[in-house]
Amino acid sequence: MSNSHYQEEAATAGKGIPSPEGPANIIDTDYVIGQDNIAFKRFGFDLDVHGKVFSISALTILFFVIITLALQEQVEPIFDAAFGFLTGSLDWFFLLSTNIILLIAVVLIFTPLGRVRLGGAHAKPEFSYTGWFAMLFAAGMGIGLVFFGVNEPLTHFGSSLAGTTVENGGRTDWAPLGAAAGDPEAAISLGMAATLYHWNLHPWAVYAMVALALALFSFNKGLPLTMRSIFYPLLGERVWGWPGHLIDILAVFSTLFGLATSLGYGASQATAGLNYLFGIPDGNVTMVLLILGITLVALLSVMAGVDKGVQRLSKINMVMAFVLLLFMIVVGPTLMILSDFFANLGGYLSHLPALSMPFGREDDNYRQGWSALYWAWWISWSPFVGMFIARVSRGRTVREFLISVMIVPTLVSTLWFTAFGTTAIDQVVTDNFEGVKDAVVELQLFVMLSQLPWTAIMSFVGIVLVMVFFITSSDSGSLVIDSLTAGGKVDAPKAQRIFWALIEGAIAIALLLGGGLGALQTAVITTGLPFTLILLVACFAVIKGLRSEPRSA
């Protein structure tokens, strides 16, 4: 999950948000973007921030980082208890909420509201379908796919094949649904479906609804490109006061901790890969040094500007991801991958109703330890990815927007997990190679690659790919958070993005030291919970906003 091409759109940031083209129901408000900002330039340092949103967000996050580092032993049990409560008691809420968001997205496709055009009734798309789909592909690729591409299909296959175990009246296994004990074909189908459930329609419906809301209220209604603008139909002018401040502050927290989780996954995988290939010590020191080094590169990218910095890295990123995927398809079990692509899509759709059911299930470990965490993670990323998608989707109708944003990344994710997951499972089932199954999650990609040609080269490509995703995610995230904390301005001073890039790295380090990936996961769950409520309310604000817009023929 990385919107590494967000920066390509930021090249037009200085021009601000364009006015609607043709008929559009612009909201009449006296609010001027940046009117509540604090702006000054002294000693060569520029500052232009929303006083309340920036100061509360920055101070709270800095306090959190300091406490986590200073009180590591005291903080870790708190993280563990919070994670257990939120996933164990509120998993139904996350599953039900994402179901509602997906249902609303699908219904909008088939209603007359789907004819509303983003940017005004006469707006034209800024990108061809090829370019637009390529950027959606970029948004769908990221550290998460590289980290879990081997692990998740293999894990769900193994737990499904092993069947269920019951102790003290409850299941203790991690298999999804009712498992598929002793049936390899059924276990593969269920395992891939359980994986794709976390990466396909549900998360992209969340991203699509956030992106649709941001695009509608900015491009059609003329409001700032911030989360608070979505709630104007419900709050009116109060959205520029404390209710709006709190919404944007929560969006900042949500985005930062979602990014930190991905950066933590990426750092742990890159560290494990460097240890596996070159014998570099695998521990917190290496991970911290890696995060510091890559954050420094991200800062250089920010200072170099969009065209000379991260845009080039983004193109390298795309090429490397495509090379790695193509390598897996060609060198792995090619015919099996190509045939399983369609079989996995079918299995995913057939198992989807049962996997998305919030109530009456017994697969607690899968539902709570996997699904609830994923939904909170995706929701925490939704302002980040949603803003990127909104910026590149002006001129599309709501119908083509929703269909494309949900379907294209779904197909890409299915192909990615099929290529990596099928290859890993084939090594276990056909070649009786247990190494990939027994390896820790951070190493599974590299252990799988050890059984294929060009091991060292492709493993190094994988490590560099994770690092470049790390850099582009950090840079993109700093742009999005800066917009939120600058009152919706898209041309704020560069120093502010540098500040947020540093904060992202600091949070990743603090949470890794304060409890490892468990701490990162807890942070995501904690911020994802209140933001889920915001998204549910935002869905109805979007419907209300769309009903007032003119529709294309």
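With sequence neighbours left out, Asp173 forms a salt bridge (charged side-chain N to carboxylate O under 4.0 Å, His left out) with Arg171. Among residues two or more places apart in sequence or in another chain, the salt bridge (charged side-chain N to carboxylate O under 4.0 Å, His left out) test is passed with Asp183 by none.
Under the 3.5 Å distance criterion, the side-chain polar atoms of Asn220 are matched with a main-chain donor or acceptor of Arg117. Listed for the Ser339 side chain is a donor-acceptor partner under 3.5 Å among the backbone atoms of Leu335. Side-chain atoms of Arg361 come within 3.5 Å of backbone atoms of Leu355 as a donor-acceptor pair (strictly under, hydrogens ignored). With Glu504 contributing its side chain and Leu259 its backbone, the two residues share no donor-acceptor pair below 3.5 Å. One N or O on the side chain of Ser382 and one on the backbone of Ile379 form a donor-acceptor pair closer than 3.5 Å. Using a distance-only test at 3.5 Å, with no hydrogens or angles considered, no donor-acceptor pair links the side chain of Arg399 to the main chain of Val116. Looking at Gln269, its side chain does come within 3.5 Å of a backbone N or O of Val146 through a donor-acceptor pair.
Closest non-hydrogen pair, Leu118 versus Ala215, comes out as CD1-CB, 3.9 Å.
Side-chain contact between Thr423 and Pro333 is present, with at least one heavy-atom pair separated by less than 4.5 Å. Between Val392 and Glu126 the shortest side-chain heavy-atom distance does not fall below 4.5 Å. No side-chain heavy atom of Leu96 sits under 4.5 Å from any side-chain heavy atom of Met357. Phe231 has its side chain within reach of Leu234: a pair of non-hydrogen atoms, C-beta onward, lies under 4.5 Å apart. For the pair Asn99 and Pro358, the minimum side-chain heavy-atom distance is below 4.5 Å. Residues Gln368 and Leu373 have side chains not in contact (no heavy-atom distance under 4.5 Å, counting atoms from C-beta outward). The shortest side-chain heavy-atom distance between Phe219 and Leu214 does not fall under the 4.5 Å cut-off. Gln451 is not listed as a side-chain neighbour of Asp431, based on a closest heavy-atom distance of 4.5 Å or more.
Put simply, OG1 on Thr255 and CG on Leu484 are 6.0 Å apart, with the number rounded to the nearest 0.5 Å. Taking CD1 of Ile329 as the start and CZ of Phe327 as the end, the distance is 12.0 Å to the nearest 0.5 Å. Going from atom NZ of Lys437 over to atom CG of Asn151 covers 13.5 Å, rounded to the nearest 0.5 Å. Between Gln444 atom CD and Phe147 atom CZ the span is 9.0 Å, to the nearest 0.5 Å. Here CG of Leu325 is found 5.0 Å from CG of Leu415. Values are rounded to the nearest 0.5 Å. Interatomic distance, CG of Leu190 versus CG of Leu161, reported as 10.5 Å (0.5 Å rounding).
In summary, of the residues considered (Trp381, Phe531, Tyr197, Trp370), a ring-ring contact (aromatic ring centres under 6.0 Å, His included) with Trp375 occurs for Tyr197 alone. When each of Tyr366, Tyr348, Trp378, Trp377 is tested with His198 by the rule ring-ring contact (aromatic ring centres under 6.0 Å, His included), just one qualifies, namely Tyr366. If you run side-chain contact (heavy atoms from CB on, under 4.5 Å) between Ser89 and each of Phe85, Trp92, Phe93, only Phe85 comes through.
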Take Ser393 and Trp132, measure what side chain to side chain donor-acceptor pair (under 3.5 Å) needs, and give me the verdict at the end. CA-CA 8 Å; Ser393 300; Trp132 190 42; 3.1 Å; yes
Where do Lys221 and Ser548 land on the side chain to side chain donor-acceptor pair (under 3.5 Å) test, with the steps shown first? CA-CA 10 Å; Lys221 308 292 188 182; Ser548 66; 2.7 Å; yes
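Asp282 and Thr271 form no side-chain donor-acceptor contact under 3.5 Å, judged by distance and modelled atom types alone. With hydrogens and angles left out, the side-chain atoms of Asn200 and Thr414 include a donor and acceptor closer than 3.5 Å. A donor-acceptor pair shorter than 3.5 Å can be found between the side chains of Thr430 and Asp426. Side chains of Thr172 and Thr165: a donor on one and an acceptor on the other come within 3.5 Å.
Ring orientation note: the planes of Trp416 and Phe420 are close to parallel, at an angle under 30° on the 30°/60° scale. Ring planes of Phe417 and Trp199: tilted class, angle from 30 to 60°.
A cation-pi contact links Arg396 to Tyr129, judged by a cut-off of 6.0 Å to the six-membered ring centre and 45° from its axis.
For residues 367-388, the pairs satisfying salt bridge (charged side-chain N to carboxylate O under 4.0 Å, His left out) are Asp91-Arg367, Asp363-Arg367, Asp364-Arg367, with sequence neighbours left out.
Two rings, from Tyr265 and Phe148, have their centers less than 6.0 Å apart. In this structure, Phe460 has its ring center at least 6.0 angstrom away from the ring center of Trp454. Tyr374 has its ring centre no less than 6.0 Å from the ring centre of His202.
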